[in-house]
Amino acid sequence: MPPEIRHQVQWYANKGILKHLVEQNKYPDWIATVAFYTALHSIERFLARHKEHPKSHTERDKVLAKYMPLLGAQIVADYEDLKNTSRAARYNFFVPTDADIQDILERLARIDAKVASTP
Amino acid sequence: MNRQFIIDDSENHIVLFTSGTPIPRVDRVPEGKQMPLYPNYPIGPQVRYFAFGLQNIEALNLRRLVKNTTSTAQPSALPVVKDIADHLEKLHLFEAIYGYVDGKSCNIVAIANDLQSSQRDKIWKIVADYRRRYSEIDIDLRIVQRRNRPLSDVFEDDGTAILTRVLMPA
């Protein structure tokens, strides 16, 4: 399976889990984490189109910075913030509020829309 | 920026930098000297107070700590972590900024009580610009929003273990 399609499949699966978590409204920390990994596969879909296949978060961060002129600074900020919130939820006992969840979902939606509309 | 301590944690040599007035610590060591952090590094009461009473950061003038793992740090990475810390400090958004260099990795932990989404966006754009400018260096920033929690409720993971050890002795 081509890498872009592989990431699309995983993105789709993650979106389903995220929808379920949001509907349940019980596990805001997991919403943050699943939202980040959904965004990650969205970004990977975009990068795969450009034959970029980063093997770590660090490498992905660098590649993403390189593509900032194409994606826009807001998308890079959205991705970074989702990553940061996910890490905070996993390692710093950060519990996102309803307002945080709204922000998380808006950031993910922006990333998905940009990836869908950018060659 | 004044260099305050050099500490040897028996794995790496760690240099802590602070800005502002030197902290009145009885266990402070002169620049260039080393003292063991473990097992019984005598953390002073001021530092303990800082750890558990973050509101006193301003009083202690301990707004920023920069750690340099000198034994493994790539020399070109150190000015970058300092530059980023300077840049972030000028935003006046953080209670503390802590950074260290490990190899070619610049790692920064910036602590705020709470930040708005737009404020975080501004910070991420700064980080992305540094990543583009210094593509040979790995730059990682963690923004920690304390939200009125004590630091003891915030730091548990390995990634910030050194921060916990230095600022939050058992």
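In this text, all values refer to a predicted model and were calculated from it rather than measured experimentally. Convention: sequence-line order gives letters A, B, ...; per-chain numbering from 1.
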Quiz item: Contact part of B:S135 toward chain A, heavy-atom cut-off under 4.5 Å: side chain, backbone, both or neither?
Solution: backbone
Quiz prompt | Region of A:Q74 that comes under 4.5 Å of a non-hydrogen atom in chain B | solution = both
Quiz item: Roughly how far apart are B:L141 CG and A:D61 CG, rounded to 0.5 Å?
Solution: 10.5 Å
Quiz item: Donor-acceptor pair, A:N84 side chain versus B:I143 backbone, under 3.5 Å?
Solution: yes
Self-check item: Same apolar cluster: A:V22 and A:F36, side chain cutoff 4.5 Å
Solution: yes
Quiz item: Roughly how far, to the nearest 0.5 Å, is CG of A:D100 from CD of B:Q145?
Solution: 7.0 Å
Quiz prompt | Connected via hydrophobic side-chain network under 4.5 Å: B:I139 and A:I43 | solution = no
Quiz item: Which heavy atom of A:K62 sits nearest a heavy atom of B:I137, and at what distance?
Solution: CE-O, 3.4 Å
Exercise. Say whether B:W124 and B:L88 are linked into one hydrophobic cluster, either directly or through other cluster members, by side-chain heavy-atom distances under 4.5 angstrom.
Key: yes
Self-check item: Nearest heavy atoms of A:A65 and B:A128, plus distance in Å
Solution: CB-O, 4.0 Å
Practice problem: Drop me the distance from A:E80's CD to B:D140's CG, to the nearest 0.5 angstrom. | Solution: 7.5 Å
Quiz item: Once you round to the nearest 0.5 Å, how far does OG of B:S117 lie from CD1 of A:I104?
Solution: 10.0 Å
Quiz item: Are A:P69 and B:R132 side-chain neighbours, meaning at least one heavy-atom pair lies under 4.5 Å?
Solution: yes
Quiz item: With the 4.5 Å side-chain cut-off for hydrophobic clustering, are A:V34 and A:Y12 part of the same group?
Solution: no
Quiz item: Can you say whether A:R107 sits under 4.5 Å from chain B via the side chain, the backbone, both, or neither, judging by heavy atoms?
Solution: side chain
Quiz item: Given that the side chain runs from C-beta out, which part of B:I123 has a heavy atom under 4.5 Å from chain A: side chain, backbone, both or neither?
Solution: neither
Quiz item: Are A:L82 and A:V115 connected in the hydrophobic side-chain network, where two residues link if heavy atoms are under 4.5 Å apart?
Solution: yes
Quiz item: Just how far is it from atom NZ of A:K66 to atom CZ of B:R131, taken to the nearest 0.5 Å?
Solution: 14.5 Å
Quiz item: What part of A:D81 is in contact with chain B, defined as an atom under 4.5 angstrom from a non-hydrogen atom: side chain, backbone, both or neither?
Solution: both
